[in-house]
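The block underneath contains the structure these notes are about, expressed in structure tokens.
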Amino acid sequence: MNNTLKNIFRLRTTIKTNGVLYAIKHLPFVGKHISDRIYGIRAIKIVAFIIGLIAEFFQRFFGKILLFFGLFFGSGAISSFRHMFQTGDNFALSEEALSAQGSIYLYAFVVISIALAIMYSIFACNMETEYCVFMLNMDAKKFVGSIFALDSIINAAAYALMGIPTALLAGVPWYYAILLPFSGIGFYASSVAIQMLTYSSKLSAGKTHDRKGNAVTAIGNNGLNVLLGFGIFLVGVLVGPAYLMNGYPIQLPAVIVILSILAIIPALLVMRKYPYGLYRNALKAEREKMRGIKQNAQKAVKKASLATISETGSVDSNLTGYSFLNELFIKRHRKLLWGKIFKFVIGIAAVIVLMSIYLFYEWKNGMPLEESPIRKAFTFKLSAVPFLMYFLNRGAVISQVMFSNCDSSLLKFGFYKEPKAILTMFRLRLFSVVKLNLVPALMIAIYGVIVLKITGGQDYQFQYLFTFLSIILSMIFFSVHHLAIYYLLQPYTMEFKIKSSVYLIINAVIYLVCWSLFNNEVSAQIFAPVAAAFTVIYITVACILVYKLAPKTFRIK
């Protein structure tokens with residue numbers, strides 16, 4: 001098994017290193033200037049190897065960091081709240097508070113560990129499994145055992161480095177805290193053993209295929225496992241209050257922790273005695289199932305797109321050329337494009353009605369409307385509008401539909417990739433996307449001005465105009481943004497999946513900026529002029545970049 005573990009580690013690091021080099025080679029604008037010799041330069045490969053190790057570290061440990069810090073702060077907040085609710089005293093530093101926090105910490109650890117163990121599977125077929133078992137013909141039993149050993153080492157290290165300190169700080173007795181790394185292994189080992197026994201019993205009973213004709217797998221139904229895991233977590237949350245009200249005895253979760261550790265030995269015996277053939281059969285069945293899932297997903301995407309296309313005969317237009325092509329696309333997909341917008345309109349209308357009822361309640365009870373929280377939302381909290389528009393804007397979805405039902409075919413022709421054609425289609429589509437997104441934005445903007453008018457009027461000159469522009473410009477920005485990065489990066493594959501990591505990173509950065517604005521108060525007097533200037537500059541730069549670079553970047557991947 002040691003040699004197998006070494007080979008798996010080498011393969012894993014090689015995949016990570018080549019992945020980093022591949023990402024460098026496919027950087028926008030500069031990647032095309034980097035030679036393929038980068039894969040053979042030792043110094044660059046060492047740097048890529050280090051970056052890959054760092055990425056692997058974050059991938060393996062980031063979730064554990066969130067888990068244990070969440071357990072620590074969450075248990076502290078719940079224990080303090082519970083005592084303050086009952087007595088009205090703040091006992092955050094008392095011995096009783098620490099004891100309660102420790103019990104809550106251990107209880108939550110057990111509930112979450114059980115939920116995660118249900119969703120964990122050693123038989124999940126990924127690139128690593130494909131290479132090792134099916135291409136290199138590695139011993140399936142040794143492969144699974146090595147993967148389990150590697151996961152156990154990583155989990156034990158994470159639980160020891162982060163679990164034990166946070167547990168001790170939360171007030172968990174040391175003799176329970178030191179058991180957490182072993183308990184983590186126990187939960188996962190039990191999950192693997194149960195999967196193996198269940199799979200073996202199904203095959204022994206002759207259940208090699210399910211009702212749909214798919215091969216039975218050791219994992220079972222992935223969606224059902226996830227639902228079951230969340231169900232366990234939900235039950236734990238619902239039972240938690242009763243646990244708290246009964247004096248939060250730490251012995252109950254401690255017993256489960258000890259039982260999970262005792263389960264390690266029988267679980268390892270099951271893994272040891274499990275036949276080699278069943279290991280390989282389980283991995284093969286999972287591989288076939290995943291292939292079927294991918295094929296069905298692709299068919300579903302295509303079917304959903306085709307189901308929303310209206311008949312071509314319904315298009316009545318006097319336009320020609322690219323204008324006709326764009327109008328044809330919009331009219332044939334009006335059900336898909338306008339359907340979600342219509343739902344947004346209904347939702348926004350419902351919120352407007354509720355806000356209006358609240359304003360009427362304030363007015364009826366003689367409350368000063370100038371201090372209404374609804375007025376403040378349109379005065380000091382307008383910086384939250386970009387965060388709202390991030391979710392309301394349909395630019396990303398429209399871009400995907402454009403590729404799947406139009407561009408994936410037209411990009412095979414040279415005329416469609418010429419700078420003039422690209423810029424023309426970009427301009428036409430931009431107007432169409434803005435018109436689609438304008439309806440919900442107008443509803444919010446007009447209602448904002450009305451709220452200002454009936455709750456005291458303007459605090460400064462042009463406030464109505466600035467408020468209106470702040471909302472409309474935020475909508476225009478996202479309409480331009482999604483379409484521009486679609487043309488500059490074209491992140492979709494022929495299977496309609498997002499392949500570009502740069503595309504995901506850009507959207508993540510935009511989200512963080514919007515979240516930051518959401519958590520700060522900026523008046524329309526400042527926000528509107530800045531938003532106007534930024535949007536105009538962004539549109540100008542986007543058009544220039546699309547014209548200059550899209551002929552090279554807007555292609556099929």
Can you give me the closest heavy-atom contact between I506 and L489, atom names plus distance?
CD1-CD1, 3.9 Å

Classify the ring geometry between F69 and F73 as parallel (under 30°), tilted (30 to 60°) or perpendicular (over 60°).
parallel

Are a donor atom and an acceptor atom from the side chains of R429 and Y486 found within less than 3.5 Å of each other?
no

Can you list, pair by pair, the side-chain donor-acceptor contacts under 3.5 Å of residues 46-53, counting residues two or more places apart and other chains?
none

Applying side-chain contact (heavy atoms from CB on, under 4.5 Å), run through T166 and Y105 and close with a yes or a no.
CA-CA 9 Å; T166 54; Y105 180 103; 2.8 Å; yes

Any non-hydrogen side-chain atom of T467 less than 4.5 Å from a side-chain atom of L452?
yes

Just to verify, which of L423, L545, I422 counts as forming a side-chain contact (heavy atoms from CB on, under 4.5 Å) with Y487?
I422

Looking only at heavy atoms, which two atoms of V451 and R375 are closest? And how far apart?
CG1-CA, 4.0 Å

Are V385 and S470 close enough, and set up right, to give a side-chain contact (heavy atoms from CB on, under 4.5 Å), and what steps lead you there?
CA-CA 8 Å; V385 170; S470 296; 5.7 Å; no

Taking every non-hydrogen atom, the tightest pair across F478 and C514:
CZ-SG, 3.5 Å

My understanding is that only residues two or more places apart in sequence, or in another chain, count here; which of them pass side chain to side chain donor-acceptor pair (under 3.5 Å) with S356?
Y447

Does S479 have any side chain to side chain donor-acceptor pair (under 3.5 Å) partners at least two apart in sequence or in another chain, and if so, which?
N393, N437

Shortest non-hydrogen contact between V439 and V345, atoms and distance
CG1-CG2, 3.7 Å

Once rounded to the nearest 0.5 Å, what's the spacing between atom CZ of F387 and atom CG of L512?
10.0 Å

Going by heavy atoms in the side chains, are M389 and I444 under 4.5 Å from each other?
yes

Hey, can you pull the donor-acceptor pairs under 3.5 Å for the side chains in residues 61-68, sequence neighbours left out?
from: K64; atom 1: NZ; to: R60; atom 2: O; distance (Å): 3.2
from: K64; atom 1: NZ; to: N155; atom 2: OD1; distance (Å): 3.3

Heavy atoms, side chains only, cut-off 4.5 Å: are I472 and L438 in contact?
yes

So, using side chain to side chain donor-acceptor pair (under 3.5 Å) as the criterion, who are the partners of S399 when residues are at least two apart?
none

Heavy atoms of A542 and V480 approach each other most closely as CB-CG1, 4.1 Å

Compare all side-chain heavy atoms of F342 with those of I346 and state whether any distance is below 4.5 angstrom.
yes

S372 versus L359, closest heavy-atom pair with distance
OG-CD2, 3.5 Å

Can you name the residues that form a side chain to side chain donor-acceptor pair (under 3.5 Å) with H482, not counting sequence neighbours?
none

Test item: I476 and Y538 side chains (from C-beta on) under 4.5 Å apart, heavy atoms
no

Starting at CZ of F534, measure out to CD1 of I539 and round the result to the nearest 0.5 Å.
10.5 Å

